[in-house]
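This structure is a prediction, so every number in the text was calculated from the model and none was measured.
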Amino acid sequence: MVVFGCYSAKQWHQSAWHTQEKLVTSLINQSIQPHSDEQFTAPPWLPMVLQAQGIERWSITLNGIALTASLLHSEVSPSLNTNVSNTSNSEVKTFSDLHLSSFPDYRLSLTMRLLSDSVAFPWWLVSTGFMIVTLLGICLGYWGYYFRSNALNPLFSRGSGILQGDFRLSSRDEQNSRVNSTHLVLDHLIQELNDSRQERCRFDAFMRRHTFLDPLTGCGNRIWFDSRLRGFLQDQEVFGAVLWLSLSDWEEEKQHLLPHEADDFILAISRVLTHQSQAYRDPVLSRYSDGDFIVMLPHKDHQDIKLFATHLFRHLEHFSADLRGNPHNWCHMGVSYFHSGERRSVIMSEAEDALRSARLQDSNGWSVFQKDPLEELHRGNVRWRSLFDRAFNKSLLVLFQQPVLARDSDDILHRELFVRVYDEKNQLIKASRFLSALEQIGYWSALDRHVITQGLQLVKTLPLSERLSINVAVDSLLQVAFFEWLKSQLLELSSVDRGRLAFEVTESRLIQHWESLSPHLIELKKMGVKLTVDQAGRTIVSTHYIKSLGIDCLKLHRGLIRGIDQRFENQWFVRSMMGAAENSRTLIIAVGVETEAEWITLQKLGIDAGQGRYFFPETALPLNAGNIMKHYLA
């Protein structure tokens with residue numbers, strides 16, 4: 001644009017000179033008349049007209065000899081051979097050796113100035129300068145926009161990250177940008193936000209500990225144990241045992257010990273109980289009073305309880321030398337078996353009666369409250385193995401689904417997929433009864449493969465608005481072969497189908513295997529799969545995993561939900577769990593909602609969604625995946 005603009009301006013300027021030169025030449029040609037040889041006569045008005053036309057000097061030459069001004073041609077040819085030379089004044093030009101068409105032997109020379117100053121002024125230089133200035137302005141503007149964009153791009157990227165929940169502090173490259181002050185302000189605000197979050201987490205943890213935990217041992221207190229036992233008894237097809245361990249004459253024994261020695265002794269007993277109970281699935285340990293501990297072992301029969309008691313008292317014998325009392329009669333334990341439907345007060349009364357019987361033996365030992373056991377609920381490992389071998393071969397596993405509904409609408413967030421199995425009597429057995437058995441016989445991965453395979457086929461047939469959540473055991477995810485198989489199965493799905501799929505893991509197992517499990521969960525998260533943590537709140541653990549893994553859904557344990565409208569301590573616990581997930585995209589889901597009063601209370605607490613028989617019961621899926629939609633519509 002600049003080059004062609006300069007060329008056009010120069011051509012326009014040159015054309016103005018030639019136009020005036022042609023005009024003056026034509027005027028002289030029409031005005032002079034031939035008089036004699038080598039002489040011409042010009043009218044008297046011609047000098048004034050030529051002066052008005054800007055002619056400063058003119059002459060006619062013949063064979064290189066200059067004639068007088070009166071010797072003029074009568075006509076000038078329009079095609080003149082012009083030689084232009086600059087004078088000392090840039091405004092004046094001389095046109096010499098101009099060809100005359102009527103008199104070929106004569107030549108005309110003109111020295112003239114342009115008539116108009118606006119034409120005579122070198123506008124091509126002004127045009128060129130203006131274009132250059134314009135181009136420089138455009139370049140400077142682009143340069144400023146480019147560097148401003150480079151300075152603001154980190155700020156824009158960081159703002160987008162903050163909107164997505166990324167609250168990292170600025171890096172060294174960002175701090176060197178032109179918006180350093182803005183980054184410093186954001187760092188300051190994020191630091192204050194992190195401090196407030198940490199303070200909120202500390203407050204929530206403090207509230208949970210002082211409400212449900214024993215301050216010395218860190219295990220559950222009386223309130224926590226009663227709540228957990230009440231929740232277990234309200235479930236269906238649940239059984240187990242309550243073990244009440246008591247230190248006899250502990251108040252008298254403490255008088256002979258220093259305060260820190262008594263605390264150390266209680267801590268040692270607590271560590272032994274914790275170590276022994278962790279060998280079983282879903283134990284509940286509580287310091288019921290100053291010298292009493294209670295352990296609840298769900299889904300354990302008489303043989304398991306006998307083995308637990310034998311190992312426990314074998315370890316407790318090492319503490320006999322630390323007491324001044326009778327080393328053979330200082331600890332006793334009462335055992336009471338329970339099953340779903342019984343009352344909590346009855347179970348505790350039976351355990352206390354069994355504890356009294358143990359004390360009457362005048363020796364360290366344990367006693368069981370005698371009542372009719374439910375033999376059909378107890379099954380050994382051999383029977384469980386044969387049952388699942390037959391279930392895998394004959395397709396005796398049945399998939400069930402239950403939807404999760406949003407709080408403020410009837411929208412279904414997702415459907416949870418879980419499994420049940422037919423026993424020898426063609427009766428369905430719930431997963432809560434065989435989970436611990438699967439762990440002992442090592443069939444976790446086989447069952448998960450079966451359920452995941454069916455779930456991946458099912459998610460392809462569901463409408464795009466439907467989402468599916470599948471329970472996966474932590475033990476299976478920790479197996480390298482299983483995890484590689486799972487990734488290969490997920491890669492066969494489209495990205496849309498993977499986004500409609502979620503995997504559920506248990507909170508207690510997640511915390512127990514945090515270091516080895518979290519990389520696997522992060523890898524699944526990167527593949528587009530949603531992550532859900534179920535049975536949250538069953539034990540009191542740190543909730544840092546919510547933000548570390550970006551958990552999508554957090555399902556509260558059904559024991560917290562049962563009768564929550566009448567149990568204020570559970571309401572406090574639910575509030576603390578919701579506070580731990582605040583400022584995140586994690587949805588808090590209440591599992592096991594049975595009554596309208598429970599749901600109203602949960603809505604007041606601000607729960608995000610609910611799942612339970614109050615909304616929809618568990619529904620068995622048809623064996624033919626093609627009938628899935630008909631089944632849902634029915």
Side-chain angles (χ1 to χ4, degrees), residues 234-239 299 340-341 376-377 379 384 386-405 410-438 443-463 465-473 476 489 497 500-504 506 532 534-535 553 555 558 561 589-594 609-634:
Q234 291 177 351
D235 287 339
Q236 294 183 353
E237 299 183 5
V238 174
F239 64 95
H299 307 290
S340 58
E376 65 274 8
L377 295 180
R379 186 188 300 266
W384 281 119
S386 61
L387 173 62
F388 277 97
D389 287 338
R390 186 173 65 256
F392 292 142
N393 296 329
K394 298 183 179 181
S395 300
L396 299 179
L397 297 173
V398 182
L399 297 182
F400 281 73
Q401 65 87 23
Q402 189 175 39
V404 176
L405 271 69
D410 294 334
D411 297 337
I412 296 178
L413 300 181
H414 65 262
R415 298 179 184 271
E416 181 182 354
L417 193 67
F418 47 93
V419 63
R420 294 179 182 177
V421 62
Y422 280 106
D423 62 2
E424 301 86 349
K425 300 179 181 179
N426 290 330
Q427 295 181 353
L428 282 175
I429 303 177
K430 295 179 63 175
S432 58
R433 286 186 53 192
F434 58 74
L435 290 181
S436 58
L438 284 177
Y443 275 23
W444 263 123
S445 59
L447 180 64
D448 286 338
R449 284 175 184 263
H450 176 83
V451 176
I452 291 176
T453 301
Q454 297 296 324
L456 297 184
Q457 295 177 359
L458 178 61
V459 76
K460 298 177 183 178
T461 62
L462 293 176
S465 59
E466 293 283 348
R467 300 178 183 273
L468 197 64
S469 182
I470 304 176
N471 291 277
V472 183
S476 299
Q489 295 295 315
D497 290 339
R500 298 163 53 214
L501 193 65
F503 288 133
E504 296 189 14
T506 306
T532 300
D534 62 352
Q535 297 187 18
C553 296
K555 291 189 174 183
R558 61 181 65 247
I561 308 304
I589 301 175
V591 180
V593 182
E594 300 287 344
Q611 176 183 355
R613 296 180 180 176
Y614 173 72
F615 309 105
F616 292 100
E618 302 91 340
T619 305
L621 296 180
L623 297 179
N624 186 3
N627 296 327
I628 293 294
M629 290 307 302
K630 295 181 181 180
H631 182 77
Y632 283 153
L633 294 177

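Contact check for V451 versus L397: no side-chain heavy atoms found under the 4.5 Å cut-off. Side-chain contact between D389 and Y443 is present, with at least one heavy-atom pair separated by less than 4.5 Å. The shortest distance between side-chain heavy atoms of L621 and R415 does not fall below 4.5 Å.
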For the pair I429 and W384, evaluate side chain to side chain contact (heavy atoms under 4.5 Å, CB included) and give the outcome as yes or no after the intermediate values.
-> CA-CA 11 Å; I429 303 177; W384 281 119; 4.2 Å; yes
Applying side chain to side chain contact (heavy atoms under 4.5 Å, CB included), run through I412 and L405 and close with a yes or a no.
-> CA-CA 5 Å; I412 296 178; L405 271 69; 4.2 Å; yes
Trace of the side chain to side chain contact (heavy atoms under 4.5 Å, CB included) decision for V419 with V398 | CA-CA 6 Å; V419 63; V398 182; over 6 Å; no
Start with the C-alpha distance between L447 and F434, add both sets of side-chain angles, then the distance that settles side chain to side chain contact (heavy atoms under 4.5 Å, CB included), and finish with yes or no.
-> CA-CA 11 Å; L447 180 64; F434 58 74; 4.0 Å; yes
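Each of Q402, Q401, Q611 was compared with E416 under the side chain to side chain donor-acceptor pair (under 3.5 Å) criterion, and only Q611 meets it.
Taking the ring pair (Phe, Tyr, Trp, His ring centres under 6.0 Å) definition, one finds that F392 meets it with nothing, sequence neighbours left out. Every residue two or more places apart in sequence or in another chain was checked for a ring pair (Phe, Tyr, Trp, His ring centres under 6.0 Å) with Y422, and none qualifies. With sequence neighbours excluded, the residues that form a side chain to side chain donor-acceptor pair (under 3.5 Å) with E504 are S469, K555.
At least one donor-acceptor pair under 3.5 Å links the side chain of R500 to the backbone N or O of V459. Looking at N471, its side chain does come within 3.5 Å of a backbone N or O of L417 through a donor-acceptor pair.
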